[in-house]
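Structure first, then comments.
When reading the values below, keep in mind they use all heavy atoms of this one structure, side chains included, and skip hydrogens, waters and symmetry mates.
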Amino acid sequence: MNQQLVAASQMFLIPISILFVALGVARTEALKTLVSAVGVGVSVIWVCRVARWAGFLSVGDKYVGLGLAIICLVATIISLVVHGSLWWPEFKRHGLLQ
């Protein structure tokens with residue numbers, strides 16, 4: 001496997017791992033929603049980085065890198081939708097939209 005791709009993937013895997021731990025220990029739905037949104041941002045950057053890799057990558061390496069990035073992206077989007085939908089009624093109930 002391409003060592004540069006491995007290093008780039010580690011650069012994103014570590015923050016994503018920390019964000020999933022933060023999601024697990026967050027106590028409020030608002031904080032879980034915020035952590036999920038940050039995770040979506042990191043995952044999108046990761047997908048873009050691997051998709052636009054400027055150098056020689058074998059097809060297998062590129063698919064593995066994209067696969068890992070897309071798995072994290074889908075997981076964080078699901079988390080954002082679930083926690084956002086649980087937090088939204090609380091947000092409206094407290095009158096924070098007015």
Show me the donor-acceptor pairs within less than 3.5 Å that the side chains of residues 68-78 make with the rest of the protein, sequence neighbours left out.
residue: T76; atom: OG1; partner: C72; partner atom: O; Å: 3.0
residue: T76; atom: OG1; partner: L73; partner atom: O; Å: 3.0

| note | In short, ring-ring contact (aromatic ring centres under 6.0 Å, His included) pairs touching residues 19-55 with sequence neighbours left out are F12-W46

With a 3.5 Å cut-off and sequence neighbours excluded, list the donor-acceptor pairs that the side chains of residues 54-65 form with protein atoms.
residue: S58; atom: OG; partner: D61; partner atom: N; Å: 3.2
residue: S58; atom: OG; partner: D61; partner atom: OD2; Å: 3.4
residue: D61; atom: OD2; partner: N2; partner atom: N; Å: 3.1
residue: K62; atom: NZ; partner: A51; partner atom: O; Å: 3.1

| query | Atom CZ in F91, atom OG1 in T33: separation rounded to 0.5 Å? | reply | 11.0 Å

| query | Going by the side-chain hydrogen bond (donor to acceptor under 3.5 Å, both in side chains) test, which pairs reach into residues 7-31, not counting sequence neighbours? | reply | E29-H83

| task | Can you measure from CE (M11) to CD1 (I45) and round to the nearest 0.5 angstrom? | result | 9.5 Å

Show me the donor-acceptor pairs within less than 3.5 Å that the side chains of residues 34-43 make with the rest of the protein, sequence neighbours left out.
residue: S36; atom: OG; partner: K32; partner atom: O; Å: 2.8
residue: S36; atom: OG; partner: S79; partner atom: OG; Å: 2.7
residue: S43; atom: OG; partner: G39; partner atom: O; Å: 2.9

| What residues join I18 in its hydrophobic cluster, counting side-chain heavy atom gaps under 4.5 Å, either direct or through other members? | I14

